[in-house]
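Single-structure report; data block below.
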Amino acid sequence: MLISNNDRKDYWTKYANKAGYLLFVLVAAWFIIRRQDPSTGLTYMALAMVFDPFDPRRTWQERTRFQRIWLLTHLVLIVLLLMHTLTTG
């Protein structure tokens with residue numbers, strides 16, 4: 001059974017994005033909680049958004065409510081970390 005290049009690309013995109021997102025969120029949590037370094041945690045948390053944990057081909061309107069809430073919550077956490085970093089210097 002042969003796998004087409006499109007199927008390989010879809011498989012890679014699906015799992016690589018989830019793995020990248022999870023990795024960057026876990027590293028951000030480690031810096032924030034364990035190292036007490038919210039500015040570095042902020043950087044990793046913001047970079048995690050590059051890896052769309054859901055289907056990156058779907059537009060915002062096509063996403064489910066859960067996905068939109070998840071991504072907006074992630075964005076709010078980034079803004080809160082930015083505000084914390086800027087106010088504590």
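Residues take their numbers from the sequence shown, with the count starting at 1. Everything numeric in this text was worked out from a predicted model, so none of it was measured.
With sequence neighbours excluded, the residues forming a side chain to side chain donor-acceptor pair (under 3.5 Å) with W70 are Y21, listed by chain and number.
Distance CG/L77 to CE/M49: 10.0 Å, rounded to 0.5 Å. The OG1 atom of T87 sits 9.5 Å away from the CG atom of L82 when rounded to the nearest 0.5 Å.
In the hydrophobic clustering of this structure, F51 does not group with L22; members are Ile, Leu, Val, Met, Phe, Trp, Tyr whose side-chain heavy atoms approach within less than 4.5 Å, directly or through other members. Note on L23: it clusters hydrophobically with V25, by side-chain heavy-atom contacts below 4.5 Å among ILVMFWY residues. Cluster annotation: V79 and L72 are assigned to distinct hydrophobic clusters (Ile/Leu/Val/Met/Phe/Trp/Tyr, side-chain heavy-atom contacts under 4.5 Å, transitive).
Looking at heavy atoms from C-beta onward, R68 lies out of side-chain contact with T64 at the 4.5 angstrom threshold. Contact annotation: the side chain of M45 never approaches that of L42 to less than 4.5 Å [non-hydrogen atoms, C-beta and beyond]. By the 4.5 Å heavy-atom criterion applied to side chains, I32 and L81 are counted as neighbours. In this structure, F54 and L71 have side chains that are in contact, with non-hydrogen atoms separated by less than 4.5 Å.
Among all heavy-atom pairs drawn from N17 and P56, the shortest one is ND2-CG, 3.4 Å. When every heavy atom of A28 is checked against every heavy atom of G41, the shortest pair comes out as CB-O, 3.3 Å. Closest non-hydrogen pair, I78 versus A46, comes out as CD1-CA, 3.6 Å.
Judged as a salt bridge (Lys or Arg N to Asp or Glu O under 4.0 Å), the pairs with a partner in residues 40-53 (not counting sequence neighbours) are, in order, D52-R63. Screening residues 33-43 for salt bridge (Lys or Arg N to Asp or Glu O under 4.0 Å), with sequence neighbours left out, gives no hits.
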Can you list the steps and then say if L80 with H84 is a side-chain contact (heavy atoms from CB on, under 4.5 Å)? CA-CA 6 Å; L80 290 173; H84 177 271; over 6 Å; no
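Ring geometry for F24 against Y44 counts as tilted: the plane angle lies between 30° and 60°, on a 0 to 90° scale.
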